[in-house]
Peer 1: 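Right, I'll just put the structure down here and ask away after.
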Amino acid sequence: MRLILLGPPGAGKGTQAVFIAGKYNIPHISTGDIFRDNIKQGTELGKKAKDYMDKGLLVPDELVVEIVEDRLKQGDCTNGFLLDGFPRTVMQAQTLDKVLKNIGVGLDKVINIEADKGVLVERAVGRRICKECGTTFHIKNNPSAKGDICDRCGGNLYQRDDDNEETVTRRIEVYLNETAPLIEYYSKQNKLVTVDGTEEIDKVFEEIVVSLGSGL
Ligand code: ADP
Ligand code: ADP
Ligand code: ZN
């Protein structure tokens with residue numbers, strides 16, 4: 001399976017990605033996670049990306065495309081992959097099409113997770129992430145059984161710098177202007193499936209599995 005997860009910030013891409021990657025046994029590639037790891041490690045790429053991310057703007061295409069191209073060349077992507085948060089512009093999508101064509105493979109499906117703005121802001125602002133294992137929680141919708149501590153590994157939970165109301169609102173605008181055109185782009189390729197992201201987490205996953213044409 002070669003899949004893309006599309007959807008505005010807070011739609012539930014990362015949450016669903018964990019389940020999808022597990023079910024189909026494919027690597028979960030999140031460009032946001034790659035940038036945050038680079039920032040944490042103080043790399044050149046991290047330094048270049050940080051300002052854009054803090055402002056809620058997209059990191060320039062040329063920086064993103066290169067890291068995804070390198071990642072897709074790694075051995076674990078031979079039988080498939082799940083891209084989460086990439087592509088985010090038409091230029092990124094066109095480049096991805098070229099890269100895949102060069103290695104003689106194509107995308108199977110693009111999963112578009114829909115949710116309205118009110119839901120998105122509430123979800124992103126309440127998001128908490130484990131520093132150690134990366135599990136995503138929500139203070140109300142999906143809390144850790146141990147409060148500020150991860151109930152899987154005991155790590156501390158943190159809030160992303162860009163998960164405040166102002167930056168989330170900017171990110172949603174950026175999504176509508178720069179990323180939403182990909183809905184038409186992939187629907188023209190007959191690759192798009194759309195699911196209702198406002199349902200409960202399990203329900204959304206069921207809808208995704210059904211839309212991919214496989215049993216639960
Ligand atoms: P994205 O990767 O699209 O930005 P996440 O998967 O990180 O979104 O989800 C954003 C927040 O909303 C997280 O705190 C997550 O726990 C919560 N969340 C995800 N899916 C749902 C859902 N279906 N219902 C309620 N809350 C959800
Ligand atoms: P969310 O899950 O809320 O949609 P991500 O973790 O995917 O957020 O992305 C966080 C930030 O990282 C984005 O606001 C943007 O600055 C940067 N980023 C991630 N992926 C891309 C991409 N494909 N192109 C440009 N910028 C990106
Ligand atoms: Zn943890």
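All ligand and atom numbering here is 1-based and tracks the order in the structure.
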Peer 1: Write out the residue and atom name of the closest protein heavy atom to atom 26 (N) of ligand 2, then the distance separating them to 0.1 Å.
Peer 2: Val59 N, 3.0 Å
Peer 1: In the hydrophobic cluster built from side-chain contacts under 4.5 Å, what are the other members alongside Phe137?
Peer 2: Leu157
Peer 1: For ligand 1, is there an N or O atom under 3.5 Å from any N or O atom of Val204?
Peer 2: no
Peer 1: Quick check: does Thr15 get an N/O under 3.5 Å from an N/O on ligand 1?
Peer 2: yes
Peer 1: With a heavy-atom distance limit of 4.0 Å, tell me whether Val174 approaches ligand 2 through its side chain, its backbone, both, or neither.
Peer 2: neither
Peer 1: Below a 4.0 angstrom heavy-atom separation, can you tell me which part of Gln16, side chain or backbone, both or neither, approaches ligand 1?
Peer 2: neither
Peer 1: Around the Zn ion (ligand 3), list the protein N/O/S atoms within a radius below 2.8 Å, excluding water molecules.
Peer 2: Cys130 SG, Cys133 SG, Cys150 SG, Cys153 SG
Peer 1: Could you tell me whether Ile201 approaches ligand 1 through its side chain, its backbone, both or neither, with non-hydrogen atoms closer than 4.0 Å?
Peer 2: both
Peer 1: Could you tell me whether Glu44 and Lys47 make a salt bridge, using a distance below 4.0 angstrom between a side-chain N and a carboxylate O?
Peer 2: yes
Peer 1: Out of Arg123, Arg171, Met91, Arg170, whose heavy atom is nearest to atom 1 (P) of ligand 2?
Peer 2: Arg171
Peer 1: Do ligand 1 and Arg128 have nitrogen or oxygen atoms that lie under 3.5 Å from each other?
Peer 2: no
Peer 1: Counting only N and O atoms by type, is there a donor-acceptor contact under 3.5 Å from the side chain of Lys13 to the main-chain atoms of Gly7?
Peer 2: yes
Peer 1: Taking the side chain from Arg123 and the backbone from Ala11, do they hold a donor-acceptor pair closer than 3.5 Å?
Peer 2: yes
Peer 1: So, using ring-ring contact (aromatic ring centres under 6.0 Å, His included) as the criterion, who are the partners of Phe19 when residues are at least two apart?
Peer 2: Phe205
Peer 1: Taking salt bridge (charged side-chain N to carboxylate O under 4.0 Å, His left out) as the test, write out the residues that go with Asp33, two or more places apart.
Peer 2: Arg36
Peer 1: Out of Gln92, Arg88, Met53, whose heavy atom sits nearest atom 9 (O) of ligand 2?
Peer 2: Arg88
Peer 1: Relative to ligand 2, is Lys50 under 4.0 angstrom through side chain, backbone, both or neither, heavy atoms considered?
Peer 2: neither
Peer 1: State plainly whether one hydrophobic cluster holds both Ile20 and Ile201, where clusters connect Ile, Leu, Val, Met, Phe, Trp and Tyr through side-chain heavy atoms under 4.5 angstrom apart.
Peer 2: yes
Peer 1: What heavy-atom pair brings Pro87 and Leu96 nearest, and what distance separates the two atoms?
Peer 2: CD-CD2, 4.2 Å
Peer 1: Is the closest N or O pair between Gly12 and ligand 1 shorter than 3.5 Å?
Peer 2: yes
Peer 1: Looking only at protein heavy atoms, which one is nearest to atom 7 (O) of ligand 1, and what is the separation?
Peer 2: Arg127 NH1, 2.6 Å
Peer 1: Just to be sure I read this right, does ligand 2 sit under 4.0 Å from the backbone of Arg160, its side chain, both, or neither, counting only heavy atoms?
Peer 2: side chain
Peer 1: Among all protein heavy atoms, pick out the one at the shortest distance from atom 2 (O) of ligand 1; state its residue, atom name and that distance to 0.1 Å.
Peer 2: Gly14 N, 2.9 Å
Peer 1: Compute the minimum heavy-atom distance from Arg36 to ligand 2 and say whether it is under 4.0 Å.
Peer 2: yes
Peer 1: Please work out whether any backbone atom (N, CA, C, O) or any side-chain heavy atom from C-beta onward of Pro8 is under 4.0 Å from ligand 1, and answer side chain, backbone, both or neither.
Peer 2: backbone
Peer 1: At under 4.0 Å between heavy atoms, is it the side chain or the backbone of Glu199 that contacts ligand 1, or both, or neither?
Peer 2: backbone
Peer 1: Checking the side chain of Ser144 only, and the main-chain atoms of Ile149 only, is there a donor and an acceptor separated by less than 3.5 Å?
Peer 2: yes
Peer 1: Looking only at non-hydrogen atoms, find the nearest pair between Val204 and Asp196 and report the distance.
Peer 2: CG2-O, 3.6 Å
